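Here's the structure we're looking at; comments come further down.
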There are 2 protein chains.
Amino acid sequence: MKPTKRKNMQPEARRAQLLGCAQMLFFSKGFEDTTVQDVLDLAGVSKGGFYHHFKSKDELLFGVLDGMAEGVFSHMSVVASDETSPAIDLLHSFLHLRANYLREHEYSGQVEFFRVMNQEKNIILHERFKRRVCEDAMPILTKIIKKGCDEGSFTVTDAETAAELILFVSGFLDFALLRAIDARGTDTADHAAQKLQAAIDMQFLTVDRILGLPDGTTDFGWPEAVDVTMATVPPILPSAK
Amino acid sequence: MKPTKRKNMQPEARRAQLLGCAQMLFFSKGFEDTTVQDVLDLAGVSKGGFYHHFKSKDELLFGVLDGMAEGVFSHMSVVASDETSPAIDLLHSFLHLRANYLREHEYSGQVEFFRVMNQEKNIILHERFKRRVCEDAMPILTKIIKKGCDEGSFTVTDAETAAELILFVSGFLDFALLRAIDARGTDTADHAAQKLQAAIDMQFLTVDRILGLPDGTTDFGWPEAVDVTMATVPPILPSAK
DNA sequence: CCTTGCAAACCGACCGGCGGTCTGCAATTA
DNA sequence: TAATTGCAGACCGCCGGTCGGTTTGCAAGG
């Protein structure tokens, strides 16, 4: 048995390749259920090669997270750099980022993303991702809120805490969204859609009230989001193990 | 080498013993870092003995969670069974459960509990515990909110969603509490205490507003909680690994 | 243009330890 | 005594991670 043919690559290229493979596997099988060997096989690299570039499986996860966070952050930074618009507009832009992101990319892929992220086995992946995004978003949202307070349109005692709470509350939607996605095609679909709409309404109402804005000021920015979500054909994949 | 002296016990007693040992270890070392062998050593039982009572390590975790949830739930059920008091009083009782629980039990132990629960390595334990408590609390809080709507004191479109959101928002306090605890004794303690107070205020303000109550209706039910928290001598344990 | 030298990329056998299984025995009960 | 049940501990497969050695690409010297 002669040794496997070998292909040296630039470190960055290898790293990127491994991160790509890892991301695919993490999203499909989950972090814990993905073996380092799985990544190795998919990338066609040996264990030694892998550990030359990453010092642990955890570092691989953080690498993947960094990549995703960067994507999210690039969208946010556009909002952050706008100094002229009134705070209320910036807030709208900020809150609509997610909806815009979902619409821009093909939505069905994002649905899969949510489903996988919210599985029991992916708690770690999900939690770390949320934390990462929250950390990145905090300063930007804080800045917006402070601006709003200065302009007199927001009424908030502690901008930082308010920002934190709003970001925290954003997680509420994920939860409802997941259940709605899981209910698609079943006989509870209608009920789930109503619950999703209620969650969306209540979340944004809460944001309004946290900031001392009139009810109905903020919204998801994508009125037909629920219909679109529920309409998407459910890709029934019986959990490949 | 003669076999280890052996002590048969009643199944329930063994189970309880193993659960007790597991709980101790999970809270000190975290779920993932606790080996089944660790539990065996502490309980003085063999692997075969263990797997005679539990079919997996996960079942052990759920067992521990059940025990804790039962403790929490027993407090809640008292509130739930009260049919006569007005909803606003029930809401107060419900929201004060946590504060009461902290005060009744020696507080320093609870501090440790929070610290451990919120460590990176305990994400799974924490998340599952929150989910469990939330599931148990949902119907009770929903019932209270519906009662409040019937009485005309609450203004809420969807009681279930409101209950879910309130329970969700309750998690915000954990986060702030943890940081305050970690800051005790350091030079950022004052700032952390202020932030904790701000988080508490904002959380309950948010609850008021979700339910359509006048600002300041709900509170933590333990005004000096922040002072007590910050005053407790920090038990500096340099993270036994 | 061909050595030669060397650092970096890579291989894969190997390790300790994990969760979990299994066979058999000892304690208990009938 | 026979049957049941609580339990011991050797064992298994697998996983994350290590390590000594090999290959590759490239630049300097002839």
Side-chain angles (χ1 to χ4, degrees), chain A residues 1-22 25-26 28-64 120-125 128 240-241, chain B residues 1-22 25-26 28-64 120-125 128 240-241:
Chain A
M1 192 67 175
K2 67 177 176 183
T4 308
K5 200 62 189 174
R6 171 169 177 178
K7 243 174 52 177
N8 281 19
M9 291 175 64
Q10 296 297 326
E12 287 176 29
R14 253 291 182 254
R15 229 186 120 85
Q17 183 209 11
L18 287 166
L19 284 172
C21 294
L25 290 166
F26 288 172
S28 57
K29 299 176 58 173
F31 174 66
E32 305 231 65
D33 286 355
T34 299
T35 305
V36 173
Q37 192 63 47
D38 290 338
V39 182
L40 269 34
D41 293 343
L42 188 61
V45 87
S46 74
K47 216 147 197 190
F50 171 82
Y51 278 98
H52 179 73
H53 295 286
F54 296 91
K55 69 183 233 283
S56 72
K57 190 189 174 189
D58 251 50
E59 191 182 300
L60 189 64
L61 174 58
F62 281 115
V64 170
E120 261 281 301
K121 64 187 180 191
N122 279 359
I123 291 178
I124 298 176
L125 184 62
R128 289 201 180 163
K241 165 65 183 182
Chain B
M1 190 69 172
K2 68 175 174 184
T4 308
K5 198 62 186 175
R6 166 170 183 181
K7 245 176 45 178
N8 281 20
M9 292 174 65
Q10 296 298 325
E12 286 176 30
R14 249 300 178 246
R15 226 186 122 85
Q17 183 207 13
L18 288 166
L19 283 172
C21 294
L25 289 167
F26 288 171
S28 57
K29 299 177 59 173
F31 174 67
E32 304 232 62
D33 287 354
T34 299
T35 303
V36 173
Q37 193 62 49
D38 291 337
V39 181
L40 304 184
D41 294 344
L42 187 61
V45 88
S46 74
K47 219 151 197 189
F50 172 81
Y51 278 97
H52 179 73
H53 296 284
F54 295 90
K55 67 183 234 283
S56 71
K57 190 190 175 189
D58 250 51
E59 191 182 299
L60 189 64
L61 174 57
F62 282 114
V64 171
E120 261 281 302
K121 65 187 179 191
N122 280 359
I123 291 178
I124 297 176
L125 185 62
R128 288 201 180 165
K241 165 69 183 182

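Everything quoted here is computed from the prediction, not taken from an experiment. Convention: sequence-line order gives letters A, B, ...; per-chain numbering from 1. Computed from heavy atoms alone, side chains included, the values below leave out hydrogens, waters and symmetry copies.
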Let me know, please, whether B:Q10 or A:V45 comes out on the 5' side of the other along DNA chain C by nearest nucleotide.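 Checking each residue's closest nucleotide, the 5'-ward one belongs to A:V45.
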Under 4.0 Å: is that the gap between some side-chain N or O of B:Y51 and OP1 or OP2 of C:dG20?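 Yes, because at least one side-chain N or O of B:Y51 sits under 4.0 Å from OP1 or OP2 of C:dG20.
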At less than 4.0 Å, is any side-chain N or O atom of A:R14 found next to OP1 or OP2 of C:dA9? Yes or no.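 No, outside the criterion.
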Can you list the residues that meet the side-chain contact (heavy atoms from CB on, under 4.5 Å) rule with [X], with sequence neighbours excluded?
X     : answer
B:S56 : B:D58, B:E59
B:L61 : B:F26, B:F31, B:L65, B:I124, B:L125, B:R128
B:T35 : B:Q37, B:D38

Whole-Å gap separating [atom2] ([N]) and [atom1] ([X]):
X     : N      : atom1 : atom2 : value
B:F50 : C:dC22 : CZ    : P     : 16 Å
B:D38 : C:dC18 : CG    : P     : 7 Å
B:Q37 : D:dG9  : CD    : C1'   : 10 Å
B:E32 : D:dC15 : CD    : P     : 16 Å

Pairs in or reaching into residues 12-22 of chain A: which pass side-chain hydrogen bond (donor to acceptor under 3.5 Å, both in side chains), with residues at least two apart or in two chains?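 Sorted result for residues 12-22 of chain A: A:R14-A:Q17.
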I need the residues from residues 52-63 of chain B with at least one non-hydrogen atom less than 4.0 Å from DNA chain C; give them sorted by number, or say none.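 Close to the strand are B:S56, B:K57.
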Tell me which nucleotide among C:dC10, D:dC7, D:dG16 gets nearest to the side chain of B:M9.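 Side chain of B:M9 sits closest to D:dC7.
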Any idea which of C:dG12, C:dG20, D:dG17 is nearest the A:S46 side chain?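 Nucleotide nearest to A:S46's side chain: C:dG12.
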Mind running side-chain contact (heavy atoms from CB on, under 4.5 Å) on B:L60 and B:F50 for me, showing each step along the way? CA-CA 10 Å; B:L60 189 64; B:F50 172 81; 3.9 Å; yes
Any salt bridge (Lys or Arg N to Asp or Glu O under 4.0 Å) pairs touching residues 39-56 of chain B, not counting sequence neighbours?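 Passing the test, one end in residues 39-56 of chain B: no pairs.
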Do the non-hydrogen side-chain atoms of A:V36 and A:Y51 ever get within less than 4.5 Å of each other?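 Touching, per the 4.5 Å side-chain cut-off.
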Return the polar atom pairs (N/O with N/O) between nucleotides 10-14 of chain D and the protein under 3.5 Å, or none.
none

